[in-house]
Amino acid sequence: MIPKIILGKGPEATRRTIGYLFGKGRANEHIDPHLVASWNDFAPDPGRSPHRSPKEVEAQLVAQLDQPVKMLGDKAPKYTVWHCPVRAAPEDPILTDAQWADIARRIVAAAGIAPAGDTEACRWVAVRHADDHIHIAATLVRQDGRRPQRDYDQRAVQREARQIEVDYGLRRLKPGDGTAAKRPTSKEHFKAKRLGQDATAREMLRLRVRRAMAAASTEAEFFALLEATGVTVRLKRGPSGDALGCNFALPGDTNDKGEPVFYAGSTLAPDLSLPQIRRRLATTSPEPVTVRPGNPWHQATAATERIPHHLTRSSDDVAQGQLAALGAAFDLLPLTAPAMVRAELERAAVAFERATRSRIAGDDASARALRRSVQAIWKDPTQHGDGAGLAMLLDVALTAVAYAMHWHRTRQHAQQQAAAEQTLIHLQAAYAQVAGPVLTDLARRSPNLQTKRRYAHHLQQAVPEHAEHILNDPAWDALATVLAEAEAAGHNPATVLDQALGQRTLDDAHSPARALTWRIRRLGERHAPSPLAAAARARSTTPHPAAPIQPAAAPPAPHPSPARRR
């Protein structure tokens, strides 16, 4: 159940609100508007007065609601109308008028509009439009002339809604922490439907701004990327001329006067205000960290593979920074992915966006490597290859999101946990579409039986607890192929297998065989050691007879710097 509070101001606020509630609606969606409850239980009902003009009854209702406000004259508050739509989920049972009336009374009591038993409380009405929702409208002056005590009413109403869900057996929503993005209004939904759009302007803007922030390294590049996607930016400047905020508008999204409809960044999402954007860009600029030459898919995969470690071992601010960077990666991935999985990856990005914010301030600098490597992928979309890069990145991303779900659960971030759960569904669907053809092609090139037996022996020696599972996995043939390719490139298959196992445990991998396939694919594409280097490494690991200790001929070499040790 979703309640949403809207405040109205001006001398005609009550008339406008009641006129809308008993009108046809912006898309003729108001089929049978009628009262289900009111402050005195016998307020005039424009929807149930067949022998009188509805407009006449509306005027009477407006006058009665406005009476306490008019008594104050010029001392009336700025905002005089409290409007709260309350909507049930589509799968919820249809409630009766009496049940909606009870819900309305509980909502106004929780908000401080009309506490139970308070005969001098504000005047209010509850209007039912359809099976699944009501609108509550109240005037914000009590009948004794005082103002209602409605501090933190949005939070109180949400708490009451969660309890109503329990009491009525409705779909139970997750409690929030005030960091969620603002939902589109009914007006925005109707406008999108009228224009034949799948998403509202607010939602499309949020996605474009997030993608620009994920792709940009500087503020200038951020604004240039927005301009390239058609977004109009209007800066809010202070007396000094410095930009203090920014508003965004979609091309073609205009009001009834033909003017662009602007949305402040902070109303798109809490982390899209100009100060927050600048903070993020300051920690991802190219000067402090650059991506080393190499395959950016491999670098992004390696950075993502470290996220579970940060979520379990690092501080909360570092963990939060990692989740924000993972969300930025998801924002950009659809732009670099094959068309067949683009829609699923976009759904994953939209879902995970909620999991990237909490009350914990993130250490964005800790995730520079992931951000820069994904930016490198985005800037060179020709490096798609056979899809193996995306498949290996999604494979480790699945584990990272599963850990994110657990991290939020342990901190009681209910909405973020649910968002991560939803993200997993979309990522798994995308991964299956991407990885399937790649693994099939690798399996088709599987080496001969004798070579596979040799690799199986290495596997049984290196990881006996997983060997049987891996050898019976459909991905075993693909794993044997990448081991053979690594060996053909000059790698020792036993050594590269040990290196792959040493990167991270297989205990939490969805498929140990597939996880090893992607790891060895990355390792095998690195430069293999020369024969001389391999021989030297073998000698260094071979035990020698003890030799007499000789006095040092020179002082010991200085320790490497911290940067080099890292």
Side-chain angles (χ1 to χ4, degrees), residues 3-25 29-73 76-77 79-88 95-150 153 157 160 164:
K4 181 180 179 181
I5 296 173
I6 307 163
L7 299 180
K9 62 181 179 180
E12 300 297 319
T14 306
R15 184 190 61 78
R16 288 196 306 269
T17 301
I18 296 301
Y20 167 73
L21 295 184
F22 286 95
K24 295 181 178 180
E29 73 277 12
H30 298 174
I31 306 301
D32 180 27
H34 60 278
L35 287 185
V36 295
S38 67
W39 76 96
N40 57 6
D41 290 329
F42 53 85
D45 183 357
R48 290 289 188 272
S49 300
H51 303 298
R52 298 176 61 192
S53 163
K55 291 297 181 182
E56 179 186 341
V57 182
E58 277 184 33
Q60 182 184 3
L61 178 58
V62 168
Q64 291 187 17
L65 287 168
D66 258 346
Q67 186 178 14
V69 178
K70 299 298 185 184
M71 288 176 59
L72 292 184
Y79 292 97
T80 57
V81 171
W82 187 90
H83 176 197
C84 181
V86 184
R87 186 177 298 273
L95 302 176
T96 65
D97 280 0
Q99 289 172 319
W100 276 117
D102 175 62
I103 290 170
R105 293 186 184 96
R106 291 175 63 169
I107 292 292
V108 294
I113 296 295
D118 188 345
T119 58
E120 297 297 323
C122 297
R123 296 184 175 187
W124 61 274
V125 293
V127 181
R128 184 171 186 174
H129 276 163
D131 288 341
D132 65 344
H133 73 280
I134 60 171
H135 290 255
I136 305 172
T139 44
L140 290 175
V141 176
R142 290 167 49 87
Q143 296 180 74
D144 57 11
R146 294 184 293 130
R147 311 286 176 85
Q149 295 295 321
R150 51 185 250 338
D153 54 351
V157 164
E160 186 63 26
I164 290 170

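Worth saying up front: this structure is predicted, and the values here are computed from it rather than measured.
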Nearest heavy-atom neighbours spanning [X] and [Y]:
X: Pro33; Y: Val127; result: CB-CG1, 4.2 Å
X: Pro46; Y: Pro54; result: CB-O, 3.9 Å
X: Ile134; Y: Ala126; result: CD1-CB, 4.4 Å
X: Ser38; Y: Asp41; result: OG-N, 3.0 Å
X: Gln143; Y: Ala121; result: NE2-O, 3.0 Å
X: Val125; Y: Trp39; result: CG1-CZ3, 4.0 Å

Kindly compute the distance separating [atom1] ([X]) from [atom2] ([Y]), expressed to the nearest 0.5 Å.
X: Ile136; Y: Trp124; atom1: CD1; atom2: CH2; result: 7.0 Å
X: Arg52; Y: Asp45; atom1: CZ; atom2: CG; result: 11.0 Å
X: Gln60; Y: Ser53; atom1: CD; atom2: OG; result: 11.5 Å
X: His129; Y: Phe22; atom1: NE2; atom2: CZ; result: 7.5 Å
X: Leu61; Y: Ile18; atom1: CG; atom2: CD1; result: 4.5 Å
X: Ile113; Y: Gln149; atom1: CD1; atom2: CD; result: 11.0 Å

Hey, is the main chain of [Y] close enough, under 3.5 Å, to the side chain of [X] for a donor-acceptor pair?
X: Arg128; Y: Asp131; result: yes
X: Arg123; Y: Gln64; result: yes
X: Asn40; Y: Ala43; result: yes
X: His83; Y: Val81; result: no

Please lay out, stage by stage, how Arg15 and Leu65 fare under the test side-chain contact (heavy atoms from CB on, under 4.5 Å). CA-CA 10 Å; Arg15 184 190 61 78; Leu65 287 168; over 6 Å; no
Would you check if Arg16 and Val62 make a side-chain contact, meaning some heavy-atom pair closer than 4.5 Å?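 Sidechains of Val62 and Arg16: no contact.
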Looking at side-chain heavy atoms only, is the closest gap between Leu140 and Leu7 below 4.5 Å?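 Side chain of Leu140 against side chain of Leu7, heavy atoms only: contact under 4.5 Å found.
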Looking at Asp153 and Arg150, does any basic side-chain N land under 4.0 Å from a carboxylate oxygen?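 Looking at Asp153 and Arg150, the cut-off is met.
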Walk me through it: do Thr139 and Lys70 pass the test side-chain contact (heavy atoms from CB on, under 4.5 Å)? CA-CA 11 Å; Thr139 44; Lys70 299 298 185 184; over 6 Å; no
Apply side-chain contact (heavy atoms from CB on, under 4.5 Å) to residues Asp97 and His34 and explain how you reach the verdict. CA-CA 10 Å; Asp97 280 0; His34 60 278; 2.9 Å; yes
Quick one, Asp66 with Thr80, criterion side-chain contact (heavy atoms from CB on, under 4.5 Å). Give me CA distance, side-chain angles, the key distance, then yes/no. CA-CA 9 Å; Asp66 258 346; Thr80 57; 5.6 Å; no
